[in-house]
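Note sheet for the following structure.
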Number of protein chains: 2
Amino acid sequence: MTTTDWLEELQAERPRLGRASTAGRVADVLRTRITEGHLAPGTRLSEEDIGAALGVSRNTLREAFRLLGHERLLVHEFNRGVFVRKLTVDDVRDLYQLRRILECGAARRAAERLASDPSYADRWATLVEPARAAAEEGQAAAEEGRWVDVGTANMHFHQAIAALAESPRVAEAMGHLLAELRLVFHVMAAPQAFHEAYLPDNRRILGMLEARDLAGAEAAMATYLDAAESQLVEAYSAG
Amino acid sequence: MTTTDWLEELQAERPRLGRASTAGRVADVLRTRITEGHLAPGTRLSEEDIGAALGVSRNTLREAFRLLGHERLLVHEFNRGVFVRKLTVDDVRDLYQLRRILECGAARRAAERLASDPSYADRWATLVEPARAAAEEGQAAAEEGRWVDVGTANMHFHQAIAALAESPRVAEAMGHLLAELRLVFHVMAAPQAFHEAYLPDNRRILGMLEARDLAGAEAAMATYLDAAESQLVEAYSAG
DNA sequence: ATTGACGAATTGTTCAACAATCCCTCACTC
DNA sequence: GAGTGAGGGATTGTTGAACAATTCGTCAAT
């Protein structure tokens, strides 16, 4: 795909810019464009071209770039421009290190509160509900062959696990983390098979959550994360 | 020392070179101004006034505002301006929730790697070194009555614990978290006594780290965080 | 006391200009 | 032929001004 190709496609997204902050909306457009893989990692984003394509000024566009830079989707090199983030193998390892701490930590905190906080225990069914919904959505998407949806459902599942901590900051960190991970998935050869392989794991983890076996769920997630990381690292250093 | 060693060391110096962005420097100035308590939470930051005071244009200043907004030191209200973040009691609780997950998680990961990764175990002394330095600095500052330094040393200590995970993303998250926490400390009546009270805890935790008793350190930190949170929440709802 | 209109002040956004920097090309030297 | 400098074009960094959009305080009217 050439440069002018996706610039024309960007122009098609232009009507979506109708409300709230212009810079924020521009960031939204570019974010989905990046996380959905239409912008290859390493691509340089020209201020002039994109500004013209989206019909916003350079200043506003630069604000949007800063937003996405802080989400680590873009890297900003001084006097050279912004580029779609290209993750290294070390980045992949670091992302999984953080996932372990965040997801297992959320499970551990949930276990503690289940034991000590009755009001938290009472809400447990509704807290696990998003995880169940994500797992079932992944299952349904796989059966119907909607492979991209399998991937997003998988991410929703793990976001739901992080949400057990009931912490806005944990949720936001997890969101940014998963957005970065999408950059990794897009350079894989067969992301479909990758995500589908972990559906049974998710179902098993979900079962433990609903049975309030948080220790089991934490252990299962640890092995799941180890496996996913090594598989991803291997695929990444190959390609 | 081989050639590649030199090159790797040079790469570490790289951030010092690209530090020429005006917006970045403006953000630095405002950040220290905020975290050191010279700007009270809730204060509105006028684009015109601050731009004139610092001698930068509104556009550049707005870029700096965006940076600090993403670090949660400023809040941006559309069409109203930016304000120094005013944290609620819920924010304090959430901050400590995240601290528990990050710090205890880092300790737990360190324990796992100490058991499974010989090269990590070999480096353990140098990994703990920053924590020791921070603890001793806090001790010295307290004896000489330099109370603000006691606070920053305390933060360095916990940053050092998070750094045991050897994860850039964990370190950055911890940095932002502690910067936010400084906003809380400044509204306290007697931050000196608050920080000084936890010096013995830090020494005790440090001892466990050096003895490679990570389980003990994790437990001690959990109780430390619980105590600090409840003390802070109490002081916060009072004032 | 409440409402609503008016106006001043501030932010949101764009535009144009210039300085600083990067990157490519092309001679030039050895 | 490889390496080294010297232009020169293109892009980013930053500024200042301008105008639209919005907020907020004021004040008159009810």
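Within every chain, numbering begins at 1; the chains are lettered A, B, ... in the order of the sequence lines, protein sequences first and strands thereafter.
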>> Can you work out whether B:Glu48 or A:Glu63 has the more 5'-proximal nearest nucleotide on DNA chain C?
In response: B:Glu48

> Nearest-Å distance, CZ (A:Arg62) to P (C:dT13)?
Replying inline: 16 Å

> Does B:Glu137 come within less than 4.0 Å of B:Arg146, counting only side-chain N to carboxylate O?
Replying inline: yes

> Nucleotide by nucleotide, 5' to 3', does protein get under 4.0 Å of the base (B), only the sugar-phosphate (S), or neither (-) in nucleotides 15-22 of chain D, counting heavy atoms?
Replying inline: BB-B---S

>> Under 4.0 Å between a side-chain nitrogen and a carboxylate oxygen: does that hold for B:Asp91 and B:Lys86?
In response: no

> Could you give the CG-to-C1' distance, from A:Leu45 to D:dT12, as a whole number of Å?
Replying inline: 14 Å

>> What is the separation between atom CG on B:Asp49 and atom C1' on C:dA9, rounded to the nearest whole Å?
In response: 11 Å

>> With a cut-off of less than 4.0 Å, is there a side-chain N or O of A:Arg80 near OP1 or OP2 of C:dT21?
In response: no

Taking only distance into account, with no hydrogens and no angle test, what donor-acceptor pairs under 3.5 Å do side-chain atoms of residues 152-162 of chain B form with protein atoms, sequence neighbours excluded?
{"residue": "B:Thr152", "atom": "OG1", "partner": "B:Asp149", "partner atom": "O", "Å": "3.1"}
{"residue": "B:Asn154", "atom": "OD1", "partner": "B:Asn202", "partner atom": "ND2", "Å": "2.8"}
{"residue": "B:His158", "atom": "ND1", "partner": "B:Arg99", "partner atom": "NH2", "Å": "3.2"}
{"residue": "B:His158", "atom": "ND1", "partner": "B:Glu103", "partner atom": "OE1", "Å": "2.6"}
{"residue": "B:His158", "atom": "NE2", "partner": "B:Tyr224", "partner atom": "OH", "Å": "3.1"}
{"residue": "B:Gln159", "atom": "NE2", "partner": "B:Ala171", "partner atom": "O", "Å": "3.1"}

>> Under a 4.0 Å threshold between the charged nitrogen and the carboxylate oxygen, would B:Arg31 count as salt-bridged to B:Asp28?
In response: yes

>> Run the ring-ring contact (aromatic ring centres under 6.0 Å, His included) test against B:His70 and tell me which residues pass, sequence neighbours left out.
In response: A:His70

> Could you state the CD-C1' distance from B:Glu47 to C:dT13, rounded to the nearest angstrom?
Replying inline: 11 Å

>> Taking only side-chain N and O atoms of A:His76, does any of them lie within less than 4.0 angstrom of OP1 or OP2 on D:dG13?
In response: yes

> Is there a donor-acceptor contact under 3.5 Å linking the side chains of B:Ser119 and B:Asp122?
Replying inline: no

